[in-house]
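Everything on this sheet refers to the single structure shown next.
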Protein chains: 2
Amino acid sequence: MGNSKLYKGSLNTIILKLLEESDKMYGYEITQKVKEITKGELNITEGALYPALHKLEAEGLLDVEMQKVDNRLRKYYKLTEKGTKETANRLTELEEYIRTMQTIINPKWSIS
Amino acid sequence: MGNSKLYKGSLNTIILKLLEESDKMYGYEITQKVKEITKGELNITEGALYPALHKLEAEGLLDVEMQKVDNRLRKYYKLTEKGTKETANRLTELEEYIRTMQTIINPKWSIS
DNA sequence: AACTTATGCATAAGAAAATTATGTATATAT
DNA sequence: ATATATACATAATTTTCTTATGCATAAGTT
């Protein structure tokens, strides 16, 4: 994960997108899912994840539901209505960001 | 620039890439170039740029050359040999990051 | 002549978001 | 028995940025 610096600022968007796909997830599940879909490329640390989840909840973008499974507690998070709208915005911004960075990597202004 | 958070961590890569393209540039020129190629989407602030340039120089990735133009001082930065190698690495990492984020935005793991 | 905007560099204070290091606790595999 | 996996949490520190400020010259405006 040598490119971990680039992920700074995109954690919230990743969380929101995963919740949009999976309806509800708990913290540990999110770390595993990200590890899986990025083939180990990205490992979300707990010290980043849990504060981020708490903040998204405080902003009213996520709802929480506790559930006990195998005598272990899970905190399931799901998008609120506000969270669903915000997710769309964040994804649009991410797409814009990616387009901009593509422009910088692969500049038209240097070919001719 | 509503997506400014996403740019966290990518400023160094942007600087290095521009210097790879343009051989040598000075700080103010970099801010204008970025504004130009991103069509105003991204505005690099001086408070971020100058410390970043100083750090890249301290790391041995950039060399500095002072030049006086129209009675105003410019600090021209150019890649060192080490900087050129590091730029290649950073760009590879950026491409990996973009691929990963594309995977998250447009997940294969949810279609079937 | 006075004033504003552009050019050019720099740093300090503060905020935001991460890493790293802990801490607690149960379940499972060796 | 011991280590690894599961599950959450927070505190200290670091990194990186924004915002505010400072200095100085050139060019354009009223």
Side-chain angles (χ1 to χ4, degrees), chain A residues 1-16 24-36 40-59 61-62 64-77 90 93-94 97 101, chain B residues 1-16 24-36 40-59 61-62 64-77 90 93-94 97 101:
Chain A
M1 239 206 333
N3 51 358
S4 64
K5 275 179 202 161
L6 294 166
Y7 288 95
K8 268 181 192 289
S10 47
L11 176 57
N12 286 333
T13 305
I14 292 170
I15 293 170
L16 292 172
K24 73 174 181 181
M25 297 181 83
Y26 57 100
Y28 185 76
E29 187 184 8
I30 292 174
T31 66
Q32 300 309 302
K33 191 76 183 176
V34 169
K35 205 180 290 182
E36 175 200 335
E41 168 82 13
L42 176 55
N43 286 293
I44 295 180
T45 59
E46 297 162 299
L49 177 66
Y50 291 114
L53 286 171
H54 300 161
K55 200 181 173 218
L56 289 169
E57 186 196 350
E59 288 167 354
L61 303 183
L62 301 185
V64 188
E65 184 195 324
M66 306 290 282
Q67 204 168 313
K68 205 163 190 176
V69 179
D70 289 334
N71 206 33
R72 277 200 304 280
L73 206 60
R74 289 179 182 170
K75 281 181 80 172
Y76 277 97
Y77 291 90
R90 301 285 181 100
E93 286 169 6
L94 178 56
Y97 166 74
M101 293 307 282
Chain B
M1 241 204 334
N3 50 357
S4 65
K5 274 178 204 163
L6 293 167
Y7 287 95
K8 258 187 195 294
S10 48
L11 176 57
N12 286 332
T13 305
I14 291 171
I15 292 171
L16 292 174
K24 73 174 181 182
M25 297 182 84
Y26 57 100
Y28 185 76
E29 188 185 7
I30 291 174
T31 66
Q32 300 308 303
K33 191 77 184 177
V34 169
K35 205 181 289 182
E36 177 201 334
E41 167 81 13
L42 176 55
N43 286 294
I44 295 181
T45 59
E46 297 163 299
L49 177 67
Y50 291 114
L53 286 171
H54 300 161
K55 199 179 174 220
L56 288 169
E57 186 196 350
E59 289 167 353
L61 304 183
L62 302 184
V64 187
E65 185 194 325
M66 306 290 282
Q67 204 169 312
K68 205 164 191 175
V69 179
D70 290 332
N71 206 34
R72 277 199 304 279
L73 207 61
R74 289 178 183 172
K75 279 181 80 173
Y76 277 97
Y77 291 91
R90 301 285 181 100
E93 286 168 4
L94 179 55
Y97 166 76
M101 294 306 283

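Every chain is numbered from 1, with letters handed out A, B, ... down the list of sequences.
Scanning both residues, Leu42(A) and Ile14(A), for their nearest heavy atoms gives CD2-CD1, 3.8 Å. Looking at every heavy atom in both residues, Thr31(B) comes nearest to Ile44(B) through CG2-O, 3.8 Å. Between Leu56(B) and Ile15(B), the shortest heavy-atom distance links the atoms CD1-CG2, 3.9 Å.
Atom-to-atom, CE of Met66(A) to P of dC8(D) comes out at 9 Å; the value is rounded to the nearest Å. Look at CD on Glu57(A): it is 13 Å from C1' on dC8(D), rounded to the nearest Å. Note: CD1 (Ile30(A)) to C1' (dC8(D)) measures 13 Å, nearest angstrom. As a whole-Å value, the separation of Leu73(A) CG from dG23(C) C1' is 17 Å. Rounding to whole angstrom units, CG of residue Asn43(B) and P of dT18(D) are separated by 10 Å. At whole-Å resolution of the value, CG in Asp70(B) and P in dC9(C) are 13 Å apart. Nucleotide dA18(C) holds its P atom 13 Å from the OH atom of Tyr7(A), rounded to whole Å. For the pair Leu49(B) CG and dT19(D) P, the computed distance is 16 Å after rounding to whole Å.
A sub-4.0 Å separation between OP1 or OP2 of dA7(D) and a side-chain N or O of Lys68(A) is absent. Look at Tyr50(A) and you won't find any side-chain N or O under 4.0 angstrom from OP1 or OP2 of dT10(D). Side-chain N/O atoms of His54(A) include one lying less than 4.0 angstrom from OP1 or OP2 on dT10(D). Note on Lys75(A): every side-chain N or O is 4.0 Å or more away from OP1 and OP2 of dA7(D).
By the salt bridge (Lys or Arg N to Asp or Glu O under 4.0 Å) test, Glu46(B) is found to be paired with no residue, residues two or more places apart in sequence or in another chain being considered.
Judged by closest nucleotide on DNA chain D, Arg74(A) is the one of Ala48(A) and Arg74(A) placed further toward the 5' end. Both Asn71(A) and Lys55(A) lie close to DNA chain C; mapped to their nearest nucleotides by heavy-atom distance, the more 5′-ward contact belongs to Lys55(A). Residue whose closest nucleotide on DNA chain C sits further toward the 5' end, between Tyr77(B) and Arg72(B): Arg72(B).
Which of dA7(D), dT19(C), dT19(D) sits closest to the side chain of Tyr26(A) comes down to dA7(D). Taking only side-chain atoms of Lys5(B), from C-beta outward, the nucleotide of dC9(C), dT10(D), dA17(C) with the closest atom is dA17(C). Of the listed nucleotides (dC8(D), dT10(D), dT18(D)), dT18(D) has the atom at the smallest distance from the side chain of Thr45(B).
In this structure, CG on Leu53(B) lies 6.5 Å from CG on Leu62(B), to the nearest 0.5 angstrom.
Taking only distance into account, the side chain of Lys8(B) meets the base of dT16(D) through a donor-acceptor pair shorter than 3.5 Å.
Side-chain contact between Tyr50(A) and Lys75(A) is absent, with no heavy atoms from C-beta onward closer than 4.5 Å.
When heavy atoms are screened at a 4.0 angstrom cut-off, Glu29(B) is found touching no nucleic acid atom at all. Within the 4.0 angstrom heavy-atom criterion, base atoms lie near Gly47(A).
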